[in-house]
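The shown structure was predicted, so the numbers you read here are calculated from the model rather than taken from an experiment. Just so you know, ligand 1 is whichever comes first in the structure, and atom 1 is the first atom listed for that ligand.
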Amino acid sequence: MKPRQTSSAHVLIFPGPLQGHVNSMLNLAQLLALHNLHVTFLNTQHIHNRLTRFADIESLPARYPTLRFKTIPDGLPEGHSRSGEGSMEPFHSVKVHGKPLLREILVKERVTCLVADGFFGKMANEMTEEVGVPSIHFRTISSSCFWTYFWTPYLFESNELPITGEEDMDRIITTIPGMENRLRCRDLPSFCRPTRAYGEPIIPLDTIVSETHQTLRPRAVIFNTFDDLEDPALSQIRRRFPTVFTVGPLHQHRESRAATATNTMRSSNNSIWEEDTSCMAWLDSQPLRSVIYVSFGSLTTMSRDTLMEFWYGLVNSKTRFLWVVRSDMIAAGEGKDESVPTELVEGTKERGLMVGWVPQVEVLAHKSIGAFMTHCGWNSTIESVVAGVPMICWPYFADQQVNSRLVSEYWKVGLDMKDVCDRNVVENMVNDVMINRKEEFLQSADKLAVLARKSVNEGGSSYTNLDRLVDFIESISQERCLCTGTS
Ligand code: UDP
């Protein structure tokens, strides 16, 4: 990496107040700070407090002298539930209350470039255009889903949408450029469906589509992906969006750049939940590639019945498992304290471990892990890709339906359980991925992992794109400096 002088650019990074969004954008913040850009990371107070408790972020400015944190209130009363079914509320609340606060920070802090979560697209565009600050959108979802969202209005024009009901779900979608005949109705983002999953946050499709089209307004868009992974969607996006930077997988990119910059850089976990690290010792005592890691991310909620189907399927498969069951994963009023059948208790004692939250990137890299049963949140998907771990997908909402199709049909690194949660299906899929088709999936996953690592090493596409992004931020920041006389 070229050593750089400290820059006059001041980048404000503004993520949505959710684990996956903060995680990837904080990785980007560290990468920009490694290039000596001045970076302010703007969190809600609630998220900042949790990061301070669980992720040791207060040590980051010592390691990255040009990085600092700033907070705004999320507008919700103290004690208001911000987890489980209430997870999206801070997002909506910041959209309503955050505008004047963002405006004030852009002006007072002499920000020369805003990197805003695309989910705040409209608000970010209005504020930056009003005060004359150049902006870039960061999309935390897969570029394939972003492209599908973008194309949704044309699916209505070509009568491929709406979806009329359950019997329609296997109908093939033929007209998404670059992705023709690859997605079925059930693989479209969840917001295209006439019904919602259990506990799924209500976000109207119109809102999602108009936020996506807002990304035509800023100067550039950043994706946490790499070119070899999502070429069909990316080549289409590049025709419509003038400047696209693919700089992922960001967690791996940060890790490899930090290692190059100094041997003393420890990685930070960016977790807003307390990690139970006891699982690492448990994994150490398990045989090579014998454990299936199960996690449905930070937002998924499910009924007790669904949880029991997973549990029976895992125990009946006779495979060892490490399962993250968050305290807020079962919806309120769902009888969390009901007794658990003895065969599940015994089967879990023998071969399983259930914990509240784990250091996921470390877990996926552990030699005892043979597969990942995942909801296919984009961070989890790309973390599994980097680790070369095959997946069993049970998508919950948003981009996860598209991502699980990428896993099963494009990359062929796993199976897609989509829309089914039945103990027999769980058992059979676990056995297929862990035993019957193990070599086939491992080989494909290994190939993808090699490409992922190559992309963030010197000369790789994401490595080069990050350097281009830094130059781009420097140049648009100059415009801001010149027009306000603040340089
Ligand atoms: N994660 C973690 N420990 C866990 C479960 C999840 O650190 O026990 C992290 C995971 O590594 C990922 C993030 O939480 O970076 C979840 O983001 P993702 O996009 O996969 O899903 P979301 O939570 O947004 O649905």
Contacting atoms of ligand 1, where contact means under 4.0 angstrom from a heavy atom of Gly297: 23 (O)
Test: Asp416 and Arg186 ion pair at under 4.0 Å: no
Heavy-atom nearest neighbour in the protein, as seen from atom 1 (N) of ligand 1, with distance rounded to 0.1 Å: Trp357 CZ2, 3.2 Å
Pi-cation contact, Phe397 with Arg193 (under 6.0 Å, within 45°): no
Minimum non-hydrogen distance to atom 12 (C) of ligand 1, winning option of Glu275, His251, Glu383: Glu383
Atom 19 (O) of ligand 1 [closest protein heavy-atom partner, distance rounded to 0.1 Å]: Asn379 ND2, 2.9 Å
Worked verdict on His46 versus Thr44 for side-chain hydrogen bond (donor to acceptor under 3.5 Å, both in side chains): CA-CA 5 Å; His46 177 78; Thr44 64; over 6 Å; no
Location of contacts on Asn23 toward ligand 1, heavy atoms closer than 4.0 Å: side chain
Numbered atoms and elements of ligand 1 in range of Gly20, under 4.0 angstrom, heavy atoms: 17 (O)
Heavy-atom gap His375 to ligand 1 smaller than 4.0 Å: yes
Per-atom contacts of ligand 1 with Ser295, taking only distances under 4.0 Å to non-hydrogen atoms: 5 (C)
Short side-chain donor-acceptor distance under 3.5 Å, Asp305 and Ser303: no
Test: Asp228 and Lys447 ion pair at under 4.0 Å: no
Carboxylate-amine/guanidinium contact Asp227 Arg238, below 4.0 Å: yes
Candidate pair Arg139 and Ser143, rule side-chain hydrogen bond (donor to acceptor under 3.5 Å, both in side chains), full reasoning: CA-CA 8 Å; Arg139 297 307 313 225; Ser143 66; over 6 Å; no
Trp378: numbered ligand 1 atoms lying under 4.0 Å from its heavy atoms: 19 (O)
Val358 near ligand 1 by a heavy-atom separation under 4.0 Å: yes
Heavy atom of the protein closest to atom 23 (O) of ligand 1 (residue, atom name, distance): Ser298 OG, 2.4 Å
Cationic N near anionic O, under 4.0 Å, Arg182 to Asp187: no
Steps toward salt bridge (Lys or Arg N to Asp or Glu O under 4.0 Å) verdict (Glu409, Arg184): CA-CA 11 Å; Glu409 288 304 310; Arg184 302 158 299 177; over 6 Å; no
Numbered atoms and elements of ligand 1 in range of Gln19, under 4.0 angstrom, heavy atoms: 13 (C), 14 (O)
Close approach, Val324 and ligand 1, non-hydrogen under 4.0 angstrom: yes
Atom 16 (C) of ligand 1: the protein heavy-atom neighbour that sits closest, reported with distance to 0.1 Å: Ser380 OG, 4.2 Å
